[in-house]
Amino acid sequence: MSKPKVVHFLGELLGIGEDLIHKLVCNNTRCSIVDTWYDLLISKMPTELEIFSERPILFNPDLVYSNDVLLYFALHEHTVDFDALASIDCDVILLLDGNSRIDAQGTSLNLIYLHDLISFSKVESTANKKLDQLFDLCISNSRDVNLPPDKKHWWVSQQDVAACLVRLIDYTGTLPQLIHICGRRGWTNQETFEQLELLYNRTIAGSSGQFQTSHLESKPVIHPTVAKVSQIKPSTRPDLSIINEILIGIDGEGWRPLTPLRTSLMHYLATKDLD
């Protein structure tokens, strides 16, 4: 299958969008970026643009061809201009938050729902609201996680999602209309809070010069606990079978996110002003 001539980027690109653009530029894949984000994203890649030959261009709807791919990032939008997307003569992928309720029936768009994505953008609108609630508890030094205790999150790093999308780019013409992406392991609010609190306290201790040996104590990611079968409540993870089968068909690897939760949370904390 021939490679797409250009991969076009529309929507709100900070976070997962800019991570994907960076990976494609490093693969010498031609990209175009909507004017809203063009100057900012180009300014973040000075070294890459000196090394790699394919410099992103400014998006122009008149220069979209049938063998191109258009990615529309609508992770924080409640409405999507389907009429405008319908006029695009190429494969169009709409990336949505897993909690979105956008009806795309009757369209030829491919929908990819991203569940519990950990974004690394410092822009408030792209922040992960679920993590922000736990982050506020860390700041207030509160042990009361006032959130549904049995609710599980299927955290996935934007790095892993971007790497997955790179693998899909050359095969957009064969994708099903609906795909779900999330992490494979579920984390309760309490488990997530404990991991975030651990990293937060280490970061604050290091920046304040009050680092102690207790901050370096080895703490397991998963606590070995035993519970009665009757106490275990089933949780519903988004269906990963479709994306797994697609990736197996592409390169035999399947969907295997590689970034540990603690690493993702450290990237998340790096977006916060901890002063």
Path from Leu131 to Ile204 over hydrophobic side-chain contacts below 4.5 Å: yes
Closest non-hydrogen atom pair between Ala162 and Lys23, with its separation: CB-CE, 3.6 Å
Modelled atom types, side-chain donor and acceptor of Ser264 and Trp155, under 3.5 Å: no
Interatomic distance, Ser32 atom OG to Tyr38 atom OH [nearest 0.5 angstrom]: 9.5 Å
Close side-chain approach of Ile93 to Leu175, heavy-atom, < 4.5 Å: yes
Show which side-chain atoms of residues 238-245 pair as donor or acceptor with protein atoms under 3.5 Å away, not counting sequence neighbours.
from   : atom 1 : to     : atom 2 : distance (Å)
Asp239 : OD1    : Ser241 : N      : 2.9
Asp239 : OD1    : Ser241 : OG     : 2.6
Asp239 : OD2    : Ser241 : OG     : 3.2
Asn244 : OD1    : Arg184 : NH2    : 3.2
Asn244 : OD1    : Trp255 : N      : 2.8

Where Asn99 and Asp97 come nearest, the two heavy atoms and their spacing: N-OD2, 2.8 Å
Contact check, side chains of Met45 and Ile21, non-hydrogen atoms, under 4.5 Å: yes
Test item: side-chain donor near acceptor, Asp160 and Thr259, under 3.5 Å: yes
Counterpart residues, side-chain hydrogen bond (donor to acceptor under 3.5 Å, both in side chains), relative to Ser53 (two or more places apart): Asn28
Under 3.5 Å: donor-acceptor pair, side chain of Glu18, backbone of Gly15: yes
Full working for side-chain contact (heavy atoms from CB on, under 4.5 Å) between Ile250 and Asp170: CA-CA 9 Å; Ile250 290 174; Asp170 292 343; over 6 Å; no
Distance (rounded to the nearest 0.5 Å) between Ser121 OG and Asn128 CG: 12.0 Å
Contact check, side chains of Ser119 and Ile16, non-hydrogen atoms, under 4.5 Å: no
Spacing of CZ belonging to Arg262 relative to CD belonging to Gln195, to within rounding of 0.5 Å: 4.5 Å
Side-chain (Gln158) to main-chain (Asp19) donor-acceptor, under 3.5 angstrom: no
Main-chain N/O of Asp136 paired with Ser140 side-chain donor or acceptor, under 3.5 Å: yes
Close side-chain approach of Leu40 and Leu13, heavy atoms under 4.5 Å: no
Any pair counted as ring pair (Phe, Tyr, Trp, His ring centres under 6.0 Å), so long as it reaches residues 7-28, sequence neighbours left out: His8-Phe59, Phe9-Phe73
CA sep, side-chain torsions, deciding dist, call: Ile112, Leu178, side-chain contact (heavy atoms from CB on, under 4.5 Å): CA-CA 6 Å; Ile112 297 182; Leu178 183 61; over 6 Å; no
Heavy-atom side-chain contact between Leu96 and Leu114 under 4.5 Å: no
Min side-chain heavy-atom separation Pro56-Leu41 under 4.5 Å: no
Donor-acceptor pair, side chain of Gln177 and main chain of Leu109, under 3.5 angstrom: yes
Minimum heavy-atom distance between Asn110 and Pro176, given as atom pair plus value: ND2-O, 2.9 Å
Ile118/Phe120 under side-chain contact (heavy atoms from CB on, under 4.5 Å): CA gap, chis, key distance, verdict: CA-CA 7 Å; Ile118 299 181; Phe120 307 150; 3.7 Å; yes
Distance-only polar pair, side chains of Tyr171 and Asp91, donor-acceptor under 3.5 Å: no
Side chain Asp68, main chain Tyr65, donor-acceptor under 3.5 Å: yes
Flag for Asn189-His153: side-chain donor and acceptor within less than 3.5 Å: yes
Lys151 vs Thr188, side-chain contact (heavy atoms from CB on, under 4.5 Å): CA-CA, chis, key distance, verdict: CA-CA 6 Å; Lys151 169 69 175 178; Thr188 65; over 6 Å; no
His180 and Tyr113 aromatic ring geometry - parallel, tilted or perpendicular at 30°/60° bounds: parallel
Cluster check Leu14, Leu58: I/L/V/M/F/W/Y, side chain < 4.5 angstrom: yes
Val92: which of Asp89, Ile88, Leu94 passes side-chain contact (heavy atoms from CB on, under 4.5 Å): Ile88
Side-chain donor-acceptor contact under 3.5 Å, Glu194 with Gln190: yes
Flag side-chain contact, heavy atom, 4.5 Å: Leu247 against Cys164: yes
Side chains of Val166 and Thr29 in contact at under 4.5 Å (non-hydrogen atoms): no
Joint hydrophobic cluster, Val25 plus Ile57, side-chain heavy atoms closer than 4.5 Å: no
Interatomic spacing from CD in Glu54 to SG in Cys31 - rounded to 0.5 Å: 8.5 Å
Joint hydrophobic cluster, Leu70 plus Leu63, side-chain heavy atoms closer than 4.5 Å: no
Any donor-acceptor pair under 3.5 Å from Asp116 side chain to Trp154 backbone: yes
Same apolar cluster (I L V M F W Y, side chains within < 4.5 Å links), Leu75/Val156: yes
